[in-house]
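Quick notes on the structure that follows.
Throughout, protein chains are lettered first and strands after them, A, B, ... in sequence-line order, and every chain is numbered starting at 1.
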Amino acid sequence: MTRYLVTSALPYANGPIHFGHVIGAYLPADVYTRTLRLMGEEVLYVCGTDEHGVAITIGAEKEGVPYAEYVARWRASIKSTFDAIGLHFDIWSGTSISPPHAELSQDFFRRLGQGGYLQERETEQLFCPKDTKFLADRYVTGTCPFCTFSPARGDECPRCGKWLDPLNLIDPSCKICGTRPERRRTRHWYLDLPKLRNEYIGKWFEGHDWKPNVQAFIGNQLKEVEPRPITRDMSWGVPLPEDLAHGEVGKVLYVWFDAPIGYVSFTAEWAAAQGRPEAWKDWWRSPDTRLVHFIGKDNIPFHCLVFPSMLYGVRQEYVLPWAVPANEFYNLQGRKFSTSAGWSIDLDDFFARYDAEATRFYLLSSAPETADSEWNWGDYQRVVNTQLADTIGNLATRVLKFIEKNFDGKIPALEPGHREELDRLLFEDCGAFTDPSESILAFRFRRASEQLIENARVANVFIDRLAPWSLRKTDPVRCASVLNTCCEWIGWVARWSTPFMPGKAQKLWAMLGNSGKVDSLGWCGLPERSTWRRLETGQELGTVEGLFAKLDDAQVQTEIATLNARHTPPA
RNA sequence: AGCGGUGUAGCUCAGUUGGUUAGAGCAACGGCUUCAUAAGCCGUGUGUCGUCGGUUCGAGUCCGACCACCGCUACCA
């Protein structure tokens with residue numbers, strides 16, 4: 001049986017996440033997995049923080065806290081934001097705490113070596129004697145040897161644009177402490193990507209149908225791929241296996257090497273927690289698994305080239321990605337999100353004041369699926385007010401309040417003689433309705449959110465055609481039949497809403513007087529005329545109230561003003 | 001500089017493998033309606049599909065050049 005193993009890019013435990021991350025890699029995966037579960041598919045959704053790497057050590061040292069404590073704080077903070085958004089993972093962990101992670105990463109390294117996919121090379125690198133660490137390109141500044149511009153970055157000169165090797169910088173200095181670094185020899189291990197490409201990965205990639213952005217990106221890289229160093233001189237990370245280190249000490253696996261293995265480790269951690277420690281292999285080493293990586297476009301090379309190469313190279317029959325729905329970037333009102341420049345929205349503050357589920361819907365409806373897109377406060381207001389509050393929320397209140405006033409708050413009866421005619425009207429004359437799950441499974445979340453609204457709109461057209469407020473006086477029996485039909489449709493809207501807005505779906509479901517969980521009913525698909533009516537006539541309605549709060553202009557203006565006031569563009 | 005992306009109605013965007021009069025939502029305007037969070041329904045768009053050229057019976061949709069904006073460029077994770 002097909003299984004869906006779904007991952008979202010592991011967020012780096014070095015700062016808060018923003019809406020770009022949310023709609024890029026997490027929310028679509030949440031909607032996707034919810035939909036699959038509703039359809040009865042076997043699904044595992046895996047995530048957690050990526051906690052190694054030099055940026056984290058620098059961040060922690062700046063604050064003077066131990067690395068483990070620093071990443072634990074961000075792990076919790078990011079999870080709490082995810083909770084506020086309503087993201088549901090089967091396992092949430094972190095690469096520095098997941099019990100199987102270090103050993104599994106080392107095992108990957110060892111097996112890649114055994115397969116002949118690693119190369120050892122000795123190189124010279126800049127070393128800061130004061131910080132006692134090798135310096136990454138970005139942590140060295142100096143004078144550009146080509147145009148004498150200073151300060152030039154270690155990787156590129158901002159003035160002449162030439163690529164630089166930090167070893168060639170004139171008067172290099174350590175960006176952390178200002179000390180002049182010295183050259184030291186060091187030995188590193190490289191992943192032989194050209195060999196992996198030639199053996200298998202090149203063909204595998206070309207035989208697969210990818211999103212255009214993935215295709216374009218990797219198509220080129222495949223031709224020019226070079227061996228990639230996968231070890232680093234530092235202390236924070238998964239240590240190099242001792243038996244392979246030839247006495248080299250102070251080396252760890254490169255964060256980009258161990259991070260994607262986190263997907264596997266976390267799955268193993270989940271399996272152990274289920275009391276079936278070997279069960280992770282059913283997911284990772286079964287040909288029935290569909291592995292889906294939700295990522296932003298910046299992650300494409302690693303998920304479509306490097307990690308698949310690793311999975312293949314250990315020769316343990318790991319599955320390779322089945323789909324990589326990589327999103328483009330999400331901006332904020334025309335500019336890139338930038339926490340340091342103050343161009344951002346604090347999500348803890350945001351979710352304390354705004355409806356998380358309405359926000360989920362807006363994010364999905366503006367997702368950067370085919371091109372960069374953006375969070376726009378005015379659009380957010382319009383979507384919440386016109387699509388959610390007016391079209392869906394008001395549909396419920398207009399029908400249910402009418403029933404409260406005129407039918408004693410109980411779902412009115414359907415006169416059997418009306419059934420065929422009303423069904424025909426609703427299904428044929430009130431506009432098209434479609435199954436949003438088809439778009440969701442095709443990773444088209446913008447379209448799916450439109451479909452949900454279109455489906456709700458059908459009932460609004462139906463009500464206008466049948467005008468129950470007139471029938472109430474002229475033909476109360478028919479009026480009851482019409483309202484009964486409306487309630488049924490609202491029930492369907494609730495069920496269609498479930499993956500997008502699980503809480504609202506439940507609330508709407510309960511408003512109809514239903515007990516039980518709407519998401520326990522499975523995916524409803526499209527209604528069929530003979531079987532679509534499900535409600536109990538005479539059932540007492542629940543509490544009827546507005547589903548969505550509207551945003552007013554002043555509020556939106558304030559948000560935009562606050563954003564602009566906080567913005568401090570770098571000098 | 002290289003690579004990638006984008007450029008379609010006022011705004012945000014869809015436009016599958018090239019094919020009848022280029023679409024949606026929002027906004028705007030007109031009409032209908034009053035059950036509802038002044039909500040709902042119906043109707044209304046003469047858009048150089050960035051520019052120029054090419055392929056084709058036929059191109060927004062393929063090819064080339066150019067222009068504009070954006071992003072990335074690998075030990076930044």
Side-chain angles (χ1 to χ4, degrees), chain A residues 9-14 50-56 95 125 134-139 153-156 160-163 166 188 212-213 216-217 219-221 224-226 228-234 237 254-260 297-302 306 328-329 331 334-336 365-366 368-374 376 378-379 381-383 385-391 393-406 430-431 444 446-447 449-450 453-454 457 459-472 479 482-483 486 544-550:
Chain A
L10 304 186
Y12 198 52
N14 191 36
D50 170 10
E51 304 178 341
H52 294 135
V54 74
I56 278 173
T95 53
Q125 287 189 6
F134 283 93
L135 298 173
D137 290 1
R138 284 272 299 262
Y139 293 103
R153 295 182 353 210
D155 53 350
E156 186 185 22
C160 66
K162 287 207 168 74
W163 287 30
H188 283 294
N213 55 355
F217 224 88
N220 280 308
Q221 295 218 353
E224 308 173 356
V225 72
E226 287 183 23
R228 211 183 156 99
I230 54 167
T231 53
R232 293 290 184 276
D233 293 289
M234 59 186 292
Y254 177 35
V255 60
W256 255 119
F257 183 83
D258 89 78
K297 66 179 170 185
D298 53 332
N299 272 331
I300 289 172
F302 293 93
V306 182
E328 302 295 299
F329 284 147
N331 296 317
R335 286 195 190 90
K336 267 182 84 166
S365 76
S366 63
E369 280 168 11
T370 56
D372 291 359
S373 62
E374 66 174 35
N376 178 290
D379 285 346
Q381 177 193 22
R382 276 187 288 279
V383 167
N385 291 3
T386 66
Q387 304 201 347
L388 296 180
D390 292 347
T391 303
N394 181 61
L395 167 64
T397 45
R398 72 188 298 201
V399 171
L400 301 182
K401 290 207 169 171
F402 191 91
I403 292 173
E404 283 189 336
K405 280 182 196 158
N406 301 294
C430 294
R444 298 186 53 183
R446 295 177 83 118
R447 174 63 194 141
S449 63
E450 279 177 21
I453 300 302
E454 286 170 4
R457 196 162 275 153
N460 279 326
V461 175
F462 181 79
I463 296 168
D464 261 66
R465 290 272 163 81
L466 278 300
W469 51 89
S470 303
L471 288 175
R472 184 173 69 84
C479 179
V482 167
L483 291 169
C486 292
V544 178
E545 55 187 3
L547 260 189
F548 299 94
K550 287 199 180 187

Q | side-chain hydrogen bond (donor to acceptor under 3.5 Å, both in side chains) against A:Asn460, all qualifying residues, sequence neighbours excluded | A | A:Arg398
Q. Which part of the nucleic acid does A:Ala55 contact within heavy-atom distance under 4.0 Å: base, sugar-phosphate only, or nothing?
A. sugar-phosphate
**Q.** Under the 3.5 Å Watson-Crick or G-U criterion, the dot-bracket string of RNA chain B, with | for inter-strand pairs
**A.** (((((((..((((.....[...)))).(((((.......))))).....(((((..]....))))))))))))....
Are any protein N/O atoms closer than 3.5 Å to N/O atoms in nucleotides 70-72 of chain B? If there are, list each pair with its distance.
| from | atom 1 | to | atom 2 | distance (Å) |
| --- | --- | --- | --- | --- |
| B:C72 | OP1 | A:Lys336 | NZ | 2.8 |

Q: Apply side-chain hydrogen bond (donor to acceptor under 3.5 Å, both in side chains) to A:Gln125 and list each qualifying residue two or more places apart in sequence or on a separate chain.
A: none
**Q.** side chain to side chain contact (heavy atoms under 4.5 Å, CB included) partners of A:Glu369, counting only residues at least two apart
**A.** A:Asn327, A:Ala367, A:Arg444, A:Phe445, A:Arg446
(Q) List the residues meeting side chain to side chain contact (heavy atoms under 4.5 Å, CB included) with A:Thr95, not counting sequence neighbours, and say none if there are none. (A) A:Leu10, A:Asp50, A:Glu51, A:His52, A:His101, A:Asp258, A:Phe266
What pairs of nitrogen or oxygen atoms, one from the protein and one from nucleotides 32-37 of chain B, lie under 3.5 Å apart?
| from | atom 1 | to | atom 2 | distance (Å) |
| --- | --- | --- | --- | --- |
| B:C35 | O2' | A:Arg398 | O | 2.9 |
| B:C35 | O2 | A:Arg398 | NE | 3.1 |
| B:C35 | N3 | A:Arg398 | NE | 3.3 |
| B:C35 | N3 | A:Arg398 | NH2 | 2.6 |
| B:C35 | N4 | A:Arg398 | NH2 | 3.0 |
| B:A36 | OP1 | A:Lys405 | NZ | 2.2 |
| B:A36 | O2' | A:Asn394 | OD1 | 2.6 |
| B:A36 | O2' | A:Thr397 | OG1 | 3.1 |
| B:A36 | N3 | A:Asn394 | ND2 | 3.1 |
| B:A36 | N3 | A:Arg398 | NE | 3.4 |
| B:U37 | OP1 | A:Lys401 | NZ | 2.7 |
| B:U37 | N3 | A:Phe548 | O | 2.7 |
| B:U37 | O4 | A:Leu547 | N | 2.7 |
| B:U37 | O4 | A:Phe548 | N | 2.7 |
| B:U37 | O4 | A:Phe548 | O | 2.9 |

Q: Taking ring-ring contact (aromatic ring centres under 6.0 Å, His included) as the test, write out the residues that go with A:Phe134, two or more places apart.
A: A:Phe127
Q: Between protein and nucleotides 26-31 of chain B, map the contacts as a letter string: B base, S sugar-phosphate only, - none, heavy atoms under 4.0 Å, written 5' to 3'.
A: S-----
Q: Sequence neighbours left out, what passes side-chain hydrogen bond (donor to acceptor under 3.5 Å, both in side chains) with A:Lys550? Give chain and number order.
A: A:Asp390
Q.
Let's go through A:Arg457 and A:Glu450 carefully: what are the C-alpha distance in whole Å and the side-chain angles of both, what is the deciding distance for salt bridge (Lys or Arg N to Asp or Glu O under 4.0 Å) to 0.1 Å, and is it a yes or a no?
A. CA-CA 11 Å; A:Arg457 196 162 275 153; A:Glu450 279 177 21; over 6 Å; no
Q: Please list, chain by chain and in numerical order, all residues satisfying side-chain hydrogen bond (donor to acceptor under 3.5 Å, both in side chains) with A:Asp372, sequence neighbours excluded.
A: A:Lys297
Q: Go through the structure and list residues passing ring-ring contact (aromatic ring centres under 6.0 Å, His included) with A:Phe548, not counting sequence neighbours.
A: none
